[in-house]
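Since the structure comes first, as structure tokens, the remarks are kept for the end.
Basis for what follows: all heavy atoms, side chains included, without hydrogens, waters or symmetry-related copies.
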Amino acid sequence: MAGWDPAPSSCDCFVALPPHTAAPAVIFGKNADRPRHEVQEVIYVPAAVHRPGDKVQCTYLEIEQAERTHAVVLSRPAWLWGAEMGANEHGVCVGNEGVWTREPLGEDEALLGMDLVRLGLERGSSAREALEVITALLERYGQGGSCKEEPVPFVYHNTFLLADRAEAWVLETAGRYWAAQQIREGSRNISNQLSIRREITAEHAGLRQRARSQGWWSGDGEFSFAEVFSPTHQPARMEAAKARYRAGKELLQQHAGHITAETFMAILRDKASGICVDSEGFRTAGSMVSVLPQDPALPCVHFFTATPDPSRSVFKPFIFVAGLKPAPQVRSPTFHDDPAKKIPRFQITVDRRHELYRRHQAALELMERDQERGQKLLQTLRDLEKQGLEGMNALLGGTVAPRPEELADLFFDCVEAEMKFYT
């Protein structure tokens, strides 16, 4: 059955707020685990004003464009329009994960969960606004269509983690139905399963009636979204997600009160828990960590790998400023006759590897072939990352004040520095 692929797959998304963070900031992190050979690119899309009646072409569906869209930075599978995770100029971060529920999967082409990530970021100036954007579009257009660049459909519903400088939200969906939980302190993670039980802050107006009409809930007692909408017989991937969810929760608890960007990077690199995936079918294709200071005078800092396997990748900092220098080294090539856009879709494959991906791939092969040289290279990459982290910590701590043009070149320069080590 489409969407019930037995190959292992996963995603893990984390958020920490005071008092669990070491500094007065919200910290967001995500591993995007995708088909092994899929390429993830990092793109910047500037803010824009649109004309009345304008449309926007999402991965499969064309919908009405908003009057204004915010500047966004996105980590996305190179073949589609949306994103696995990203941030906007207002300090909002969103990531999504696949889930399977009692609601039927929508194999007809609609909005992908990844489209909803981008739409929420482009249209929401706070986590709550982004949630309202996503739920309104979900109710209007539904979710569906293949989430994999292959002829055999791979379909799922979605959960989302949204954060800004002040709070976070977990949004979980089943078809067009949804429930959301507000997180104001502490920490939270999501892992390919419904996790909102009775702590529902907002919900689809017809959610409980739908559950009653299907015989999933009697209407008596407290209503648990996860218990009511989770499938009776869960696919293997959801069973596997339970262990990762517990491991992620334990890692957050272990570091409660001391969580930093480095903590999240270490969690995303954890292979023993399964949070960092490197299997035959799926692997962690890209990773992201964001620091969202509660002081609005301080900038938000977003770190992206743009390469697979965070345990052997570099987190590179990005800050929204005017005059941002493009980073074509992490942009995938475009194709005139793109098989993701031609009907029938995905009939041929194309090489979507960007320049950093190619060089990183060669470095991974070296690490596996020559362990001694590989370890030296890995240490060099860690030192490079450490320099970036120290610079960002000094910036957030107020001990340095870089010129705006330095920040505009920051991500480009970090990518360039990493690429030099691969030549």
Exercise for the section: State whether a side-chain donor-acceptor pair under 3.5 Å links Asp383 with Gln387. Expected result: no

Exercise for the section: Show your working on side chain to side chain donor-acceptor pair (under 3.5 Å) between Thr59 and Asp115 and close with a plain yes or no. Expected result: CA-CA 7 Å; Thr59 303; Asp115 293 338; 2.7 Å; yes

Practice task
In plain terms, say whether Arg118 and Glu122 are close enough for a salt bridge, that is, a side-chain N and a carboxylate O under 4.0 Å apart.
Solution key: yes

Exercise for the section: Say whether Tyr422 and Glu418, considering side chains only, have a donor N or O and an acceptor N or O under 3.5 Å apart. Expected result: yes

Exercise for the section: Start with the C-alpha distance between Glu355 and Arg359, add both sets of side-chain angles, then the distance that settles salt bridge (charged side-chain N to carboxylate O under 4.0 Å, His left out), and finish with yes or no. Expected result: CA-CA 6 Å; Glu355 189 57 35; Arg359 295 201 193 180; 3.0 Å; yes

Handout entry: N/O donor-acceptor pair under 3.5 Å between Asn88 side chain and Gly124 backbone
Key = yes

Under 3.5 Å, sequence neighbours excluded: what are the donor-acceptor pairs made by side chains of residues 321-337?
residue, atom, partner, partner atom, Å
Gln329, NE2, Glu416, OE2, 2.9
Ser332, OG, Arg352, O, 2.7

Practice task
Specify whether Trp100 and Phe154 have parallel, tilted or perpendicular ring planes, treating 30° as the upper limit for parallel and 60° as the lower limit for perpendicular.
Solution key: tilted

Problem - Mutual orientation of the aromatic rings belonging to Trp79 and Phe346 [parallel < 30°, tilted 30-60°, perpendicular > 60°] - result: perpendicular

Practice task
Would you check if Val92 and Glu129 make a side-chain contact, meaning some heavy-atom pair closer than 4.5 Å?
Solution key: no

Practice task
Name the orientation class of the two ring planes belonging to Phe304 and Phe318 (parallel below 30°, tilted from 30 to 60°, perpendicular beyond 60°).
Solution key: perpendicular

Problem - Basic-acidic side-chain contact under 4.0 Å: Arg246, Glu250 - result: no

Handout entry: Check: Thr69/His50 side-chain N/O donor and acceptor closer than 3.5 Å
Key = yes

Exercise for the section: State, with a plain yes or no, whether a side-chain heavy atom of Gln253 is found less than 4.5 Å away from one of His20. Expected result: yes

Handout entry: Ion pair check, Asp295 and Arg165, cut-off under 4.0 Å
Key = no

Exercise for the section: Ignoring hydrogens and angles, state whether a donor on the side chain of Ser313 or His360 is under 3.5 Å from an acceptor on the partner side chain. Expected result: yes

Handout entry: N/O donor-acceptor pair under 3.5 Å between Thr173 side chain and Asn158 backbone
Key = yes

Handout entry: Among Leu116, Leu121, Leu161, side chain to side chain contact (heavy atoms under 4.5 Å, CB included) partner for Val94
Key = Leu121

Problem - Between Thr284 and Asp309, a side-chain donor and acceptor under 3.5 Å - result: no

Exercise for the section: Examine the side chains of Thr101 and Glu103 and answer whether a donor and an acceptor come within less than 3.5 Å of each other. Expected result: no

Exercise for the section: Determine yes or no for a side-chain-to-main-chain donor-acceptor pair under 3.5 angstrom, with His157 supplying the side chain and Gly113 the backbone. Expected result: no

Exercise for the section: State whether the number of non-hydrogen atoms from other residues, nucleotides or ligands found under 6.0 Å of Lys271 atom NZ is greater than 12. Expected result: yes

Handout entry: Polar side chain donor-acceptor pair, Gln193 to Ser230, under 3.5 angstrom
Key = no

Exercise for the section: Determine whether the side chains of Gln361 and Arg353 contain a donor N or O and an acceptor N or O closer than 3.5 Å. Expected result: yes

Practice task
Using a cut-off of 6.0 Å, state whether more than 12 heavy atoms not belonging to Glu62 lie near its atom CD.
Solution key: yes

Exercise for the section: Indicate whether any N or O donor in one side chain lies under 3.5 Å from an N or O acceptor in the other, for Arg345 and Ser146. Expected result: no

Practice task
Establish, yes or no, whether a centroid distance under 6.0 Å links the rings of His302 and Phe28.
Solution key: no

Handout entry: Within-4.5 Å side-chain heavy-atom neighbours: Val117 and Met85
Key = no

